[in-house]
Amino acid sequence: MQLERKLQTARSHALLDHPFFGTLLCPMEMKVNNDIETFATNGVSIYYNEEYAESLTTELTMGVLLHEVMHPAFFHVTRRGTRNPMIWNMACDYAINPLLIKYGIKLPEGALIDKKYDDWSADAIYNDLLSTVKEGNMPSSLGDVGGTGYFEDGEMTSSQKQEVENEWKQRLVGAAESCKLRGTVPGEFASLIEKFLEPKVLWGEKLRMYAHDLVRWDSSWSKPNKRYIDQGIYLPSVKRLNGISKLIVAVDDSGSAVQYLPQFGGELTSIFEECDIDECIVLYIDSAVNNVQRYTDDDLPIVIDSKGGGGTSFEPAFEWVEENNEEPTLFVYLTDMYGSFPEYEPDYPVIWVAYDSDPKYYEGKCHFGEIIEVE
């Protein structure tokens, strides 16, 4: 009973001292699980080891509970994909712990904090941590590092993950509404919540929409559309395709794309899995093709790791496709659009994912393809 009282007191203090975070914590049920070392969450409930919880002060208990809440609030629980769960947990801890400390929330000694990762996204931290793990030493099971607990996504299906995300979007909006008069909505969440209230089609979603449209349907004259034949009108029928056979991705290796690369790799991995792609070829290019990576189902996730180079020229990417007799179903170029464009138009679909770009620069220079501006 004394431990339950401490947990409830910690919850009450969170609501009074940190109303936005506390409001997110309130709906989460707390359950005993002495098979874990410290705390854990699946985005629905928070689990705790009784012995460990008893060892914490009320203030530190509040800190750990709010730490657990931040994982589903930032959608860490539903965004892991095929990434190593232990390294993903650590990356997310490094991302959220400085935020909690910034707002005066205390965490147990040993909590994962590194000034190197200040203002880094969890995705970028994951890639950095992954680069330090020696081959054969990849952690195979979940556990707590730093005393703040961990989160797990279990075997959630895509639809279950979507339900969890939708629930947390509603909670975030509700918490913001209840706290806005007090001006206590953390800035890190304000822009995120604004997107929920005034949804925009983000560049990743646009890219996915283009890919899905390309995969799902194609027209065929070999079997005319029967619906109009009786009227003497012959139109092509629409048939479903099995998938994108080959996706080629060109990455601007001039160094300006670094902050977008982790998210871009995640978007590509999702598109690869959703669109039944046979092969993805990633080209790293500045004024020439510097590196070529090939991915199949066995090589996921797709990790984009540009080293940075010289100036940008877009011609070498398209020349490489011709010289190597590649026939892409879709070609995607990640770039700031500052470079020299080919004069000829390829005979395959091209999408330019443009970041930090100025349309005034590339208007009149880019004569083909769809342009998606990164927002």
Side-chain angles (χ1 to χ4, degrees), residues 121 123-124 191 194-195 198-219 244 246-268 270-271 275 280-292 302 304-324 326-375:
S121 68
D123 306 76
S191 58
E194 184 179 350
K195 291 177 182 178
E198 299 179 9
K200 298 178 181 178
V201 180
L202 303 180
W203 70 267
E205 294 172 2
K206 286 184 180 178
L207 181 58
R208 187 176 287 104
M209 286 164 57
Y210 280 121
H212 274 282
D213 288 345
L214 189 63
V215 169
R216 293 172 183 261
W217 307 105
D218 193 13
S219 58
I244 296 176
K246 185 175 295 183
L247 169 65
I248 294 184
V249 179
V251 180
D252 183 339
D253 206 21
S254 62
S256 57
V258 173
Q259 63 176 310
Y260 300 98
L261 297 184
Q263 185 183 1
F264 193 62
E267 296 290 353
L268 286 176
S270 297
I271 291 171
C275 295
C280 176
I281 302 174
V282 181
L283 310 176
Y284 293 91
I285 303 165
D286 45 29
S287 58
V289 177
N290 300 321
N291 189 18
V292 179
I302 297 173
I304 308 296
D305 184 23
S306 173
K307 301 301 183 183
T312 303
S313 177
F314 302 124
E315 292 96 333
F318 300 99
E319 292 170 356
W320 184 92
V321 172
E322 286 192 7
E323 291 169 0
N324 290 274
E326 300 287 357
E327 297 181 358
T329 315
L330 176 63
F331 187 104
V332 178
Y333 213 126
L334 176 68
T335 175
D336 59 7
M337 303 296 281
Y338 289 95
S340 57
F341 292 86
E343 295 182 359
Y344 66 92
E345 180 174 352
D347 59 0
Y348 42 82
V350 175
I351 296 175
W352 303 88
V353 178
Y355 58 85
D356 293 342
S357 60
D358 184 356
K360 294 179 181 178
Y361 173 80
Y362 60 77
E363 283 178 358
K365 298 180 180 179
C366 184
H367 302 290
F368 60 87
E370 300 280 352
I371 300 175
I372 302 176
E373 291 284 351
V374 174
E375 298 179 357

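Note that this is a predicted model, so its numbers are computed, not measured.
Shown here for Pro316 and Ser287, the closest heavy-atom pair between the two residues is CG-O, 3.5 Å. Nearest heavy-atom pair across Ile285 and Ala317 is CD1-CB, 3.1 Å. The minimum heavy-atom distance between Ala354 and Ile371, with the atom names listed, is CB-CG2, 4.2 Å. Heavy atoms only, all atoms of each residue included: Thr329 and Pro349 are closest at O-CD, 3.3 Å.
When each of Tyr338, Tyr333, Tyr362 is paired with Phe314, the ring pair (Phe, Tyr, Trp, His ring centres under 6.0 Å) condition holds for Tyr333 and for no other. Between Phe368 and the options Phe341, Tyr348, Phe318, Tyr344, a ring pair (Phe, Tyr, Trp, His ring centres under 6.0 Å) holds for only Phe318.
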- Task: Check step by step if side chain to side chain contact (heavy atoms under 4.5 Å, CB included) holds for Leu268 and Leu247.
- Result: CA-CA 10 Å; Leu268 286 176; Leu247 169 65; 4.1 Å; yes
- What's the verdict on side chain to side chain contact (heavy atoms under 4.5 Å, CB included) for Val282 and Phe264, showing C-alpha distance, side-chain angles and the deciding distance? CA-CA 12 Å; Val282 181; Phe264 193 62; over 6 Å; no
- Message: Using side chain to side chain contact (heavy atoms under 4.5 Å, CB included), reason through Ile281 and Val292 one step at a time and then give a plain yes or no.
- Response: CA-CA 7 Å; Ile281 302 174; Val292 179; 3.8 Å; yes
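At a threshold of 4.5 Å between non-hydrogen side-chain atoms, the residues Val321 and Pro346 do not count as touching.
Expressed to the nearest 0.5 Å, how far OH of Tyr284 lies from CG of Asp252 amounts to 12.5 Å. Atom-to-atom distance recorded for Leu334:CG and Ile372:CD1 is 11.0 Å, nearest 0.5 angstrom. To the nearest 0.5 Å, the span separating CD on Glu327 from NZ on Lys246 amounts to 7.5 Å.
A donor-acceptor pair shorter than 3.5 Å can be found between the side chains of Ser340 and Ser313.
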